Amino acid sequence: MREKHKSADNPSPQYNHTLRKKMRNSLQLDPAETESLLAAGTPYVIRIKLEPDEEVTFTDMIRGTVTFNTTGIDDKVLLKADGMPTYHLAVVVDDHLMEITHAFRGEEWLPSAPVHILLWRYLFGEDKMPEWAHLPLILKPDGNGKLSKRDGDRLGFPVFAMNWTDPRTKEPATGFRETGFLPVAFVNLLAVLGWNDGSNQELYTMEELIEKFSMDRVHKGGAKFDFEKAKWFNHEWIKRLPASAYSATVLELFRAQGIDIPEADLPKPIDRGDLPLPVTITTDVAGFPAMDDSELWLSLAAERPAPNRFETILDLVKDRCTLLPDFVQQSAFFFRPPVTIDIDAVKPKWTDGKKLFFVELIRQLELAQTWEGPALETNFKEMAAAAAIKPGELLLPLRVMLVGGKFGPHVFDIAALLGREETVRRIKHSLGLLA
RNA sequence: GCCGCGUUGGUCAAUCGGUUAAGACGCCUCCCUUUCACGGAGGAAUGAGGGGUUCGACUCCCCUACGCGGUACCA
């Protein structure tokens, strides 16, 4: 019926005060005919009836006063032919029953806001209506338009906070959490996408956000999503939080990769019964935001005296980690010998002199009184001087022998954490490969 | 088509009439580091266009352009 009113000029004719007069409906039909149609079970919908040329004005927390003229709005369907309400009816009734005081939604809802305002007026009274805020949209990084799951798939980044499967299409989607984002970082990056407090600050804890966030500084225009910047936020949070804040999560990642961390390396399990109930957390470590419950408890024990090897290692490599899974790549060699050894990085410059040096090194390491990074380094450099080889010529081979490649923290920190036995074993193994 | 909302470097953005137009991400150079990073110091890069108002406009007004959102018995 409505189809015949479509034209090239107006591809989407409105069902409004003008058009409804040309259609078959209860407003045009004889009441008796309507009754008989109803009695015969003819399908029907119920629409809102808008008066022509009426101004609907409301206040939006972000946009201020917004005005629409009813002439430009359809008589929206409220109750569908199957008896189910449309969103328009449902939100209003829902918000009323739930006594909603503030309604936040995306900007795409702005055009239908007047319908909802009118519904409030007709049904419950505008005085009971919630305050409105229509948030700017997050746009796709390239081109224009709002960010969608497809863009994430196409460009290789998550668009949802957590993993979820679309109930309609059954399509799975990877979340920020599963990609390796810290909850604090995610909330932080989202908060400053379309808002800032006027200062140069970019990193905010949850507490600071609660204190400083204000609707009047939320932008009206949408912001393009930049995954590089998103990763930067996560990197910053990984760096500034102690490893104990996320070690439990990282432990799971190691296990998922089939790398088991010995019990002795892990932080001692906390007996929750012994801890007082956390009310307020005050620490000087950047406000120390809570993650989830278990991490909250862990963080409470952050000042625990006994350091554990696992978190010590995590703290040692965290500068190199942008996403949580990076920890596995950056520190797996601490827990099991490197799978591959980049021996080609050493071979071209390998000499008999160096070989002799390492043989002697093994002997000395086995004899060493103590096993600490600085002492190991001093001794190593003295040996290099004695052998008349520049330390730099020997440092890289040692690194490759211990970690398998040209990466990782300070070599002697690694050796210290690896322990005498494992250090010697790895040097011997590589010497074998070089023979 | 119509209605609404927007428009400062590649991106996020400050500025609420007077600044050399901040800062951050990314990019480039250098320093530190005998690995990879972190860190430090620099660099390139911005007011969509046109009219007004004003002593003075990125900032206020109008027009145009462009973008986005909506225009469903989807949300």
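Naming convention: chains lettered A, B, ... in sequence-line order (proteins, then strands); numbering from 1 in each chain. Note that the structure is a prediction, hence the values are computed from the model and not measured.
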Roughly how many Å is it from [atom1] in [X] to [atom2] in [N], rounded to a whole number?
X        : N     : atom1 : atom2 : answer
A:Ile138 : B:C68 : CD1   : C1'   : 15 Å
A:Tyr204 : B:A24 : OH    : C1'   : 12 Å
A:Leu78  : B:C74 : CG    : C1'   : 15 Å
A:Ile117 : B:G4  : CD1   : P     : 16 Å
A:Leu79  : B:A72 : CG    : P     : 19 Å
A:Arg63  : B:C68 : CZ    : C1'   : 11 Å
A:Lys224 : B:A24 : NZ    : P     : 22 Å
A:Trp132 : B:G4  : CH2   : C1'   : 16 Å

Residue [X], side-chain atoms from C-beta onward, closest of [options]:
X        : options            : result
A:His88  : B:A13, B:C5, B:A75 : B:A75
A:Lys220 : B:A14, B:G6, B:C73 : B:G6
A:Lys76  : B:G4, B:A13, B:A72 : B:A72

Point to revise | Salt-bridge present (A:Lys170, A:Asp166; N to O < 4.0 Å) | key: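 The answer is no: the pair does not qualify as a salt bridge.
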Check your understanding: Taking 4.0 angstrom as the limit, do A:Glu421 and A:Lys428 come out as a salt bridge?
Key ->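 Looking at A:Glu421 and A:Lys428, the cut-off is not met.
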Separation of the [atom1] atoms in [N] and [M], to the nearest angstrom:
N     : M     : atom1 : value
B:G43 : B:A37 : P     : 24 Å
B:C12 : B:G50 : P     : 24 Å
B:U29 : B:C36 : P     : 15 Å
B:G9  : B:A22 : C1'   : 13 Å
B:G47 : B:G10 : P     : 8 Å
B:A21 : B:U46 : P     : 12 Å
B:A45 : B:G26 : C1'   : 12 Å
B:A24 : B:A44 : P     : 15 Å

For [X] and [Y], which heavy atoms make the closest approach, and how far apart are they?
X        : Y        : value
A:Ala345 : A:Leu396 : O-CD2, 4.2 Å
A:Asp342 : A:Val400 : O-CG1, 3.4 Å
A:Thr71  : A:Pro52  : OG1-C, 4.1 Å

Practice item. Evaluate the criterion side chain to side chain donor-acceptor pair (under 3.5 Å) for residue pair A:Ser148 and A:Asp151; output intermediate values, then yes/no. Key: CA-CA 5 Å; A:Ser148 68; A:Asp151 299 310; 3.0 Å; yes
Review point. Contacts to RNA chain B from residues 145-160 of chain A, heavy-atom cutoff under 4.0 Å, which residues?
Key: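 By residue number: A:Gly145, A:Lys146.
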Check your understanding: Once each nucleotide of nucleotides 25-42 of chain B is scored for protein heavy atoms under 4.0 Å, what B/S/- sequence comes out, 5' to 3'?
Key -> B--------BBBBSS---
**Study point:** Ring-face cation of A:Lys347 near A:Trp350 (centre distance under 6.0 Å, axis angle within 45°)
**Key:**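 Geometry flag: not set, cation outside 6.0 Å or 45°.
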Looking for any heavy atom pair under 4.0 Å, which part of the strands does [X] touch: base, sugar-phosphate only, or nothing?
X        : answer
A:Phe233 : nothing
A:Lys231 : nothing
A:Val192 : sugar-phosphate
A:Ala81  : base

G-U wobble or Watson-Crick pairing nucleotide for [N] (cut-off 3.5 Å, both distances):
N     : answer
B:A24 : B:U11
B:A41 : B:U29
B:U71 : B:G1
B:U54 : none

Is it true that the side chains of [X] and [Y] contain a donor and an acceptor less than 3.5 Å apart?
X        : Y        : answer
A:Lys212 : A:Gln201 : yes
A:Asn308 : A:Glu311 : yes
A:Thr57  : A:Thr67  : yes

**Study point:** Closest-nucleotide 5' rank along RNA chain B - winner of A:Thr65 and A:Asp82
**Key:**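 Looking at the nearest nucleotide for each, A:Thr65 comes out on the 5' side.
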For [N], take OP1 and OP2 only and decide whether either is under 4.0 Å from a side-chain N or O of [X].
X        : N     : answer
A:Arg105 : B:G69 : no
A:Lys80  : B:A75 : yes
A:Asn200 : B:A22 : no

Check your understanding: Name the one of A:Arg20, A:Lys49, A:Arg47 that satisfies salt bridge (charged side-chain N to carboxylate O under 4.0 Å, His left out) with A:Asp75?
Key ->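 Among A:Arg20, A:Lys49, A:Arg47, the one that satisfies the salt bridge (charged side-chain N to carboxylate O under 4.0 Å, His left out) with A:Asp75 is A:Arg20.
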Exercise for review: Kindly assign one of parallel, tilted or perpendicular to the pair A:Phe227 and A:Phe225, based on the angle between their ring planes and the thresholds 30° and 60°.
Suggested key: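 Correct class here is tilted.
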Point to revise | Anti versus syn assignment for B:C62, with syn defined as within 90° of 0 | key: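 In terms of base orientation relative to the sugar, B:C62 is anti.
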